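Keep in mind that the numbers below use all heavy atoms, side chains included, and drop hydrogens, waters and symmetry copies. As the structure is a prediction and not an experimental result, all values here were calculated from the model.
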Amino acid sequence: MRDASDIGTKRKRDFYDLQHEISGVENGPMKRFLNATDERTPEGRRKKREQERIMQRLADLLPDPVYAHLHHQLGNRLSRAQVKADNALETFQRQLVEIDQAIADIED
């Protein structure tokens with residue numbers, strides 16, 4: 001059983017590690033608290049700024065009727081492709097179940 005001093009030491013280490021991660025200072029082989037998209041990290045703030053720039057550029061382009069039409073067409077194509085991919089996955093999953101059943105029948 002750990003005593004109170006061990007728990008206090010771990011909490012202090014965790015606190016300092018978290019502060020290092022928030023500030024962007026490397027403190028070990030892997031981050032334990034924050035992921036790369038967390039806005040409290042330098043990388044997360046950079047990604048957020050980049051996403052805001054992309055969204056602003058899109059907002060600037062959408063009023064253009066030619067761009068809006070192309071954007072709409074692309075969205076439709078992507079939706080159709082997603083439906084086809086989903087259907088293919090369902091077919092493969094059904095076939096896998098059938099194959100598993102056939103193997104089980106052979107083994108019995």
Side-chain angles (χ1 to χ4, degrees):
M1 185 169 142
R2 297 187 324 191
D3 63 14
S5 65
D6 289 341
I7 293 170
T9 301
K10 181 181 179 340
R11 291 181 88 189
K12 284 180 186 176
R13 184 177 20 148
D14 288 348
F15 174 79
Y16 288 120
D17 287 350
L18 175 60
Q19 298 308 306
H20 282 112
E21 285 183 32
I22 290 172
S23 67
V25 174
E26 292 294 327
N27 65 332
M30 66 191 254
K31 297 188 182 328
R32 299 188 303 142
F33 302 102
L34 304 176
N35 62 38
T37 60
D38 193 304
E39 293 178 16
R40 292 176 289 177
T41 66
E43 179 68 12
R45 287 189 292 273
R46 186 194 64 74
K47 286 183 178 190
K48 181 181 179 194
R49 284 191 306 273
E50 179 64 23
Q51 184 65 27
E52 288 170 350
R53 279 193 295 273
I54 290 169
M55 294 306 293
Q56 183 57 52
R57 183 72 176 136
L58 180 61
D60 292 343
L61 289 171
L62 278 177
D64 178 344
V66 173
Y67 181 84
H69 176 71
L70 293 172
H71 185 270
H72 182 70
Q73 279 185 323
L74 177 61
N76 287 340
R77 284 183 180 179
L78 290 173
S79 294
R80 287 192 305 270
Q82 183 66 53
V83 168
K84 288 180 180 180
D86 290 342
N87 290 340
L89 282 173
E90 288 176 19
T91 299
F92 294 146
Q93 288 171 342
R94 279 193 306 272
Q95 290 173 344
L96 184 58
V97 168
E98 291 170 5
I99 291 168
D100 286 342
Q101 184 60 49
I103 291 171
D105 290 346
I106 291 170
E107 291 175 344
D108 288 341

With sequence neighbours excluded, residues passing side chain to side chain contact (heavy atoms under 4.5 Å, CB included) with R94: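 Applying side chain to side chain contact (heavy atoms under 4.5 Å, CB included) to R94 gives E90, T91.
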Partners passing side chain to side chain contact (heavy atoms under 4.5 Å, CB included) against Q56 (at least two apart in sequence or in another chain):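 Partners of Q56 by the side chain to side chain contact (heavy atoms under 4.5 Å, CB included) criterion, ordered by chain and then number, come out as A59, D60.
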N/O donor to acceptor pairs below 3.5 angstrom from side-chain atoms of residues 64-74, sequence neighbours left out:
from	atom 1	to	atom 2	distance (Å)
D64	OD1	V66	N	3.0
H69	NE2	Q73	NE2	3.3
H72	NE2	N76	ND2	3.3

Residues E50 and R53 bridged, charged N to O under 4.0 Å: yes
Heavy-atom side-chain proximity of K47 to Q51 below 4.5 angstrom: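 Side-chain contact under 4.5 Å: no.
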4.5 Å side-chain heavy-atom contact, L58 and I54: no
Gap between atom CG of L62 and atom CZ of R57 - 0.5 Å precision: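 Here the interatomic distance stands at 11.0 Å.
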Rounded distance (nearest 0.5 Å) linking atom CD of Q101 with atom CD1 of I106: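 Reported to 0.5 Å precision, the distance equals 10.5 Å.
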